[in-house]
Amino acid sequence: MRLYNTMSRSVEEFESIEDGHVGMYCCGPTVYNFAHIGNLRTYIFEDILKKTLKLNGYEVRHVMNITDVGHLTGDGDDGEDKMNASAKREGKSVWDIAAFYTDAFMNDISRLNIDRADIICKATDHIADMIEVIRILEKKGHTYVSGGNVYFSIDTIDDYGKLARLNLDELREGARIEVDSFKKNPKDFVLWFTNSKFKDQVMTWDSPWGRGYPGWHIECTAMSMKYLGSQFDIHCGGIDAIPVHHTNEIAQSEAATGLKPWVKYWCHGEFLINDKGKMSKSSGEFLTLESLIRKGYDALDYRYLCLGAHYRSQLKFSYEALDHAKSARAALTEKIKALKAEAEEASELHSENAKKYKMEFIDAVSNDLHTPQALAVMHSMLKDGSVSSAEKLNLIRFFDSVLSLSLDRIEKEERVGSDEDIALLNERAEAKKAKNYQRADEIRAILAERGYSIKDTPNGSFLVKNL
RNA sequence: GGUGUCGUACCCAAGCGGCCUAAGGGAACGGUCUGCAAAACCGUCUUUCAGCGGUUCGAAUCCGCUCGACACCUCCA
């Protein structure tokens with residue numbers, strides 16, 4: 001399969017370090033608030049990546065962190081701790097905040113049919129691992145203590161910023177933020193804080209440098225290497241992580257182990273934007289999955305919307321676009337119900353065309369996760385009369401192993417309704433036969449009020465629960 | 001100020017030098033079926049890819065300029 005690598009800025013043939021196995025680390029959420037649907041788009045992309053790897057025969061070890069330590073809103077010793085701020089705002093302890101939003105996140109993930117990572121690790125459970133990495137960096141001369149904090153010195157390595165292709169000289173000129181005066185180089189970053197101007201910092205731990213808390217890049221370095229080894233295959237995240245977070249992770253990780261490259265493939269998901277620009281937690285419109293569901297959408301409508309765009313291009317969100325996804329998914333569901341009514345069981349693929357569609361789907365998704373193409377293949381397949389219904393069911397199940405739209409869980413048209421409802425339906429049939437259309441339409445209105453639509457088919461009428 | 005990305009028909013969105021007189025979905029409209037609807041199915045929305053130049057036998061695809069949008073350099077997916 002082929003995959004775009006941010007490090008090389010090109011699509012590369014994917015080759016795992018260890019034959020048949022892939023180690024994959026995905027930056028998880030900071031649990032101080034609900035995830036918005038833009039955040040969720042990235043996890044959907046990572047899910048597609050993981051499932052496509054599996055489709056290609058790889059065994060995947062998937063690790064995701066939960067950042068439950070407070071991050072400062074600025075990189076220096078300034079800004080406000082997000083966890084603390086949320087705790088104060090909601091009148092809860094920081095630990096309660098973390099637990100609450102972690103649960104909320106997991107709930108969103110499962111509603112979107114996103115596979116849970118094999119290992120989900122919390123930053124607060126790995127403080128000792130982080131301290132260990134900092135000690136190694138200190139021993140190797142990559143750190144300095146200034147103003148009470150331990151910093152990583154980027155001038156001790158010669159390839160800082162290679163992922164983002166940063167031009168350090170120009171960046172320094174263009175800096176818009178006030179430089180932390182304790183830093184030797186403005187791009188140095190904190191590994192361990194002991195000196196925060198926020199005296200009410202609740203989450204602190206003992207360390208060789210004093211009681212304090214970790215900087216916000218060290219957790220990913222410590223935890224990814226703990227579970228995936230000192231070098232591994234894939235590291236994912238949103239594109240915004242490239243210039244600072246991932247750049248710093250690489251710097252400290254490669255400095256600590258002396259091994260390059262730390263990560264073989266860097267994969268980043270583009271933003272979901274609206275007419276005002278990107279969604280973000282700190283500004284702009286903040287839409288949660290929950291808010292979409294309350295408006296009557298299904299979580300999978302949103303997943304379908306995301307699948308319709310390539311993960312490396314910005315996707316314009318609007319309710320109009322979501323409505324389209326909803327309609328498209330409803331029509332898909334109808335088609336699959338019909339298939340299930342025509343063929344009880346999926347069958348092996350016999351026809352040439354059925355096999356062709358399977359290949360086309362694999363090619364689409366294996367070519368840097370071209371889900372829009374994969375969806376197009378699926379739609380063409382469904383329309384193709386030369387493929388039998390039983391074969392179509394087989395293909396749908398196969399496609400859904402990556403798409404995860406719960407296509408395989410769609411049951412054949414359910415004949416629902418209480419005895420009373422069915423009696424009404426029969427009365428309508430009688431009325432129609434007697435050409436008493438007024439009564440027939442009355443009954444249709446009554447049933448509609450009870451939440452049913454009537455489907456008239458050549459084989460008789462039946463009721464369907466409205467969505 | 002610096003660095004990138006992008007602009008595709010009514011909407012979302014693929015395509016990234018010739019299978020493109022541009023996938024797929026949605027909406028709309030017309031038709032078949034139906035007492036009428038709904039659903040389903042069929043058809044139409046195709047000489048056009050922001051604009052203007054250029055390169056080429058050939059450009060939505062490459063180059064230049066103009067206009068517009070977005071992102072990053074600050075916590076952010």
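Here the structure is a predicted model, which is why all the values come from computation and not from measurement. Note on naming: letters A, B, ... go to the chains in the order of the sequence lines (proteins, then strands), and numbering restarts at 1 for each one. Keep in mind that the numbers below use all heavy atoms, side chains included, and drop hydrogens, waters and symmetry copies.
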Going by side chain to side chain donor-acceptor pair (under 3.5 Å), name the residues that satisfy it together with A/Arg116, two or more places apart in sequence or in a different chain.
none

Please list, chain by chain and in numerical order, all residues satisfying side-chain contact (heavy atoms from CB on, under 4.5 Å) with A/Val377, sequence neighbours excluded.
A/Tyr357, A/Glu360, A/Phe361, A/Phe399

Do A/Trp262 and A/Phe232 have ring centroids that are under 6.0 Å from one another?
yes

Toward the 5' end of RNA chain B, by each residue's nearest nucleotide, A/Pro243 or A/Ser313
A/Ser313

Review item, nucleotides 16-23 of chain B N/O atoms under 3.5 Å of protein N/O:
none

In whole angstrom, give the distance that lies between atom OH of A/Tyr311 and atom P of B/rA71.
21 Å

Using whole Å, what does the distance between atom P of nucleotide B/rA71 and atom NZ of A/Lys316 come to?
13 Å

Between A/Arg428 and A/Ala440, what is the shortest heavy-atom contact and its length?
CD-O, 3.6 Å

Answer yes if the side chains of A/Tyr160 and A/Asp155 hold a donor-acceptor pair under 3.5 Å, and no otherwise.
no

What string of B, S and - do you get for nucleotides 26-37 of chain B, 5' to 3', if B is base contact, S is sugar-phosphate-only contact and - is no contact with any protein heavy atom under 4.0 Å?
SS-------BBB

Stem ranges of RNA chain B by first residue number, counting only runs of at least 3 Watson-Crick or G-U pairs under 3.5 Å, come to B:1-7 with B:67-73, B:10-12 with B:24-26, B:28-32 with B:40-44, B:50-54 with B:62-66

Can you list every salt bridge (charged side-chain N to carboxylate O under 4.0 Å, His left out) pair that touches residues 304-316 of chain A, not counting sequence neighbours?
A/Arg312-A/Asp368

